[in-house]
Every structure is written in C-alpha cells, then in structure tokens.
Amino acid sequence: MSNAFSRPLLDPRHFRMDDLLRRPYNVLTPLGCAGETLWAEAPQGWGFRSGVHLGNRKSPEGTGPFTLTIAVDGEAIEPGDALYRPSHVTLNGRHDESGLQVTEDKFISDDDVIVSVLSFRNPGDQTVSVELDYSWGIASGAVEILGKPVWIRREPPPGDDLVQSLPSGARRMLVFAVAVAPSREEALYRAAYWRDRENAVYAQATAYQNWFDENAPRFDCSDPWLTKLWYHRWASLRRLRGETDEEEEAVRALADPSRGGAFQAAAAYARAQFEQGDFSLPREAKANTASRHLSRPEPALCRFIEESLLGLSVTGEDDDASLTVSPRVPPPQKGGWSHFCLENYLCRGRLLTMVWDDPADPSFDAYQDGDMGLTLYSDGRRFYHQDDLNPFSVALPF
C-alpha cells in the first residue's frame, strides 16, 4: 500500500519507528531488525559476538558471525554508551589518552546481510594508530537452513592492513558484511552491495521504515502507552515473523466482560506491557520458534484496537461493500480518548483513515484536518462525518 495523502495527517514523530522506539541498548534489548532467515537477540561488544540465529532454530547462545577488537597503543577500546533503534543499533567508544572516537552501527538487512559499519574520528592534535583485529565465527560456503541449502559470504573491508593511521581531524569508515543467500552468486552480490554501499546505515533505516509504511496502518490516540505499544508490537512482529499463541490469547482475553469492559482492559493491559512501568522499556516479545514467516499479517493487539475498540467491520461484495463502525471508546468526560487517528487502514482495496477530535474542545484539532468529531477518508478523500462516537454504517466509496 502507499500513502494516498499528499501530507500524512499524523506528524512523522508519531509513526517513524526509529523515533518512537529509540532507547538505550543493553543485554535485555534484542537487535530490532531481521532478515528473511536471520534474526538476533542482543549481540554485545563490537561486531556480532553471539546471539545471531539462522532460521527458526534458537540455540542458547546463538551464532557469533564475527568478533572485532579495537585498540590504540595496545590498549583496547570498549563500547561505552549504546543506543537502540529498531532499524539498527549504535555503539560508541572513546580512547581517553588520544581522544579517538569510535562508533559502530550494526544491523541485519531485509536481504539477510549482517552489517557492521565502523567509524573512527581523531579530534586530537596528534596522529593516532588504530589496531583493528577481527575473527570469523561462521564459515563461508554452502550450509543448510530449514532444510534448504544456502550460501554464506564474508566480506571484510578492502585490504589486509589492520593498522589504521589517522592524522589530526581525520575520519575513516570500515564496513564488514556477512551475507546469507540461496546461491553463491547472490551471496557474493549481497555482501559486496552492503560493504561498498554509500551511507549503508541511512539505506537500512529507510528500507526498514518503508516496510512499515507499506504494511502497517498508522495509529495515534490520547493514551501514549497504547500508541507506543501499537508500534512496538509491529516491530516485534517484523523481527520475529509472528507472535506466540500465548500473546494472542492474552489479547483475546481483553474482550472478557468480567475484566470491566474492553476499553478499560486494553488501557490496563498496555500499561502492564512496560518493564516496571518504565515508558522507555516496552516488554520484549518471546521468539516464535515454531514459524519464521508472517503467517499472521498483523499483531493481535492492533487487530483488537481496530475491530474491538474502534469497531471496524465490512460486509457485502467489493463493489457494494458497507463499513460498520461501532466504537467502544467512552467519551473523554468518562475517561475515553479526546482524540485518535487510524491512518492508511487497508479495507477492500481502499486506504481508509478514521479521525476523532472531541467537539467539546473545538480549539484543539489534534491532526489539523479541519474537522471536529468523527471523520472518515477513503484514499485521501473525505466521505463521512458525524459529531459523536455513536455506531453507524456507510457505503464504501468506489
């Protein structure tokens, strides 16, 4: 799907994955990106020392494709602070005496390439000699994954010189790539493509976001916990290629009347999905080792919001279809949402957007679409409006 609006109703800060889910990176944070057959937990240190899994078999430690060591005058530089973004992880280190700065951006691309981009910067007045060493933990050549033969290709930076001399003010970038592909030729191409690509980190971040723009509806509401969990569940689905049955069952249980109503249950559930109530730490989903394919095309929580809270359903044939909307969202005066937006929701070949702004506060138009109340758009064109959240049915426009 593509965005039919000339300008998205939602501010990009409300739907760009790297902005919404950015947080400090530690041993509890899995590498957010994944390929078709490759995925990773939390590889610590420079390079990928452990935690990388091929296919749906999860070993206790995972594979360590390659280990990097970086030193100045024999003194090893270790990573200091680290930042997680769903598309890539950034590690930073510094050599105290020389001031040398080291940054590593690492990720797994959609086409199953493990990539490490090392950047060195010498801000000091003296030339710095950087000693770089690496060791492979995965063999090149043909292996079998999920019963199918694949090829692995390793690509270090060009040249054999592991000592980098950086004059004052100099910068240098080195890229390591390990590709997994169905043929030898494809493995060679993928590894060389990412190793030699200009600004590989930007290319990865863009490709990662593009997947969500094409596959995931955008959502925002006045409950920030539920909004953030929406995107976190999409990121988990993309990484793990599915959800566990336990996670699906926990979401289905939100509709149980004994829990006090679907809206209240969903709000309480969302807050419970953050470690120790920390908004920056959404709880990580368990790996779905039974399947590594997107057999379930949407996270269970997101379907629950669409179908149970917003009450979206469609009846009839494609050329004579009707949309029924039965929101189970209380009015803001009773703890409901003062505003919400579901954008680019694919429905019978149309991209629907649903926007609510509480008419009781006409000065606050959260999404600046010029309407207060409930408004529906199809492929960017306004086709229905009402002032409240009462149920209704309307024919889908051609």
Side-chain angles (χ1 to χ4, degrees), residues 11-34 38-53 61-62 64-70 76-96 99-109 114-121 123 173 176 200-202 204-209 211-212 223-240 270-287 299:
D11 187 302
R13 291 172 299 176
H14 294 155
F15 66 80
R16 288 197 62 84
M17 303 297 286
D18 279 355
D19 297 332
L20 281 170
L21 300 178
R22 181 176 55 191
R23 62 184 185 270
Y25 180 65
N26 56 44
V27 294
L28 300 178
T29 309
L31 195 73
C33 49
L38 290 177
W39 56 290
E41 293 176 280
Q44 301 298 303
W46 307 120
F48 286 78
R49 301 182 180 185
S50 65
V52 178
H53 304 276
E61 297 297 328
F66 59 92
T67 298
L68 298 173
T69 58
I70 304 167
I77 302 174
E78 297 297 336
D81 63 285
L83 184 65
Y84 162 89
R85 301 177 185 87
S87 70
H88 65 285
V89 166
T90 302
L91 276 61
N92 297 298
R94 183 179 182 276
H95 184 249
D96 290 336
L100 178 75
Q101 298 169 358
V102 183
T103 297
E104 181 191 30
D105 293 294
K106 55 187 173 184
F107 56 86
I108 297 175
S109 68
I114 300 163
V115 182
S116 168
V117 180
L118 278 177
S119 300
F120 300 100
R121 177 176 178 267
M173 185 176 71
F176 292 81
V201 179
Y202 175 80
Q204 161 66 8
T206 301
Y208 186 85
Q209 182 61 42
W211 186 91
F212 291 95
D223 183 343
W225 301 87
L226 202 55
T227 297
K228 188 165 188 174
L229 192 60
W230 169 285
Y231 291 97
H232 177 65
R233 286 294 169 85
W234 269 107
S236 296
L237 186 83
R238 181 68 184 89
R239 177 173 63 89
L240 299 174
R271 283 162 177 75
Q273 302 310 303
F274 291 78
E275 299 290 349
Q276 300 179 344
D278 187 336
F279 188 70
S280 67
L281 294 176
R283 185 165 294 138
E284 298 297 340
K286 297 179 180 179

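Closest approach of P30 and A40 over heavy atoms only: CB-O, 4.1 Å. For the pair Y231 and T227, the tightest heavy-atom approach, listed with the atom from each and the gap, is CD1-O, 3.2 Å. Smallest separation of non-hydrogen atoms from F107 and A200: CZ-O, 3.9 Å. A pairwise comparison of heavy atoms in P299 and L237 identifies CD-CD2, 3.8 Å as the closest pair. Shortest non-hydrogen contact noted between S280 and K228 is CA-NZ, 3.8 Å.
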Begin from the C-alpha positions of T69 and W46 and carry the test side-chain contact (heavy atoms from CB on, under 4.5 Å) through to its verdict.
CA-CA 7 Å; T69 58; W46 307 120; over 6 Å; no

Should L38 and I114 be marked as a side-chain contact (heavy atoms from CB on, under 4.5 Å) after you check the CA-CA gap, both sets of side-chain angles, and the distance that decides it?
CA-CA 8 Å; L38 290 177; I114 300 163; 3.8 Å; yes

Test side-chain contact (heavy atoms from CB on, under 4.5 Å) applied to T103 and L91, step by step:
CA-CA 6 Å; T103 297; L91 276 61; over 6 Å; no

side-chain contact (heavy atoms from CB on, under 4.5 Å) between Q44 and R49, intermediate numbers included:
CA-CA 7 Å; Q44 301 298 303; R49 301 182 180 185; over 6 Å; no

Let me see the working for Q204 and S109 under side-chain hydrogen bond (donor to acceptor under 3.5 Å, both in side chains), right down to the final yes or no.
CA-CA 7 Å; Q204 161 66 8; S109 68; 5.4 Å; no

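Put simply, the side chain of R239 never gets that close to the backbone of E41: no donor and acceptor are under 3.5 Å apart. Looking at R94, its side chain never comes within 3.5 Å of a backbone N or O of I77 through a donor-acceptor pair. Checked by atom type and distance alone, the side chain of W234 never pairs as donor or acceptor with a backbone atom of L229 at under 3.5 Å. A side-chain donor-acceptor contact under 3.5 Å links K106 to the backbone of P43. A donor-acceptor pair under 3.5 Å is formed between the side chain of E104 and the backbone N or O of G47.
When each of D19, D18, T90 is tested with R85 by the rule side chain to side chain donor-acceptor pair (under 3.5 Å), just one qualifies, namely T90.
Ring-plane geometry between Y84 and Y25 is classed as parallel, the angle between the planes falling under 30 degrees on a 0 to 90 degree scale with a further cut at 60. By the 30° and 60° cut-offs, the orientation of the rings of F176 relative to F66 is parallel. Taking the six-membered ring where the residue is Trp, F274 and W225 present perpendicular rings, their angle passing 60° and hence far from 30°.
Side chains of P123 and Q101 form a contact here, defined as non-hydrogen atoms less than 4.5 Å apart. Inter-residue side-chain proximity for L31 and W39 is flagged as unmet; no heavy-atom pair is nearer than 4.5 Å. In this structure the side chain of L83 reaches within 4.5 angstrom of the side chain of R22, judged on heavy atoms. Taking 4.5 Å as the limit, some side-chain heavy atom of S116 sits within range of a side-chain heavy atom of L68.
A salt bridge does not link E275 to R23: none of the charged nitrogens lies less than 4.0 Å from a carboxylate oxygen.
Residues H232 and Q273 bring no donor and acceptor atom of their side chains to less than 3.5 Å of each other.
Other residues, nucleotides and ligands contribute at most 12 non-hydrogen atoms within 6.0 Å of the OH atom of Y202.
Note that CD1 of I108 is 14.0 Å distant from NE2 of H88, once rounded to the nearest 0.5 Å. Distance check: W211 CH2 to M17 CE gives 8.5 Å after rounding to the nearest 0.5 Å. Here the CD atom belonging to Q209 is positioned 9.0 Å from the OG atom belonging to S87, to the nearest 0.5 angstrom.
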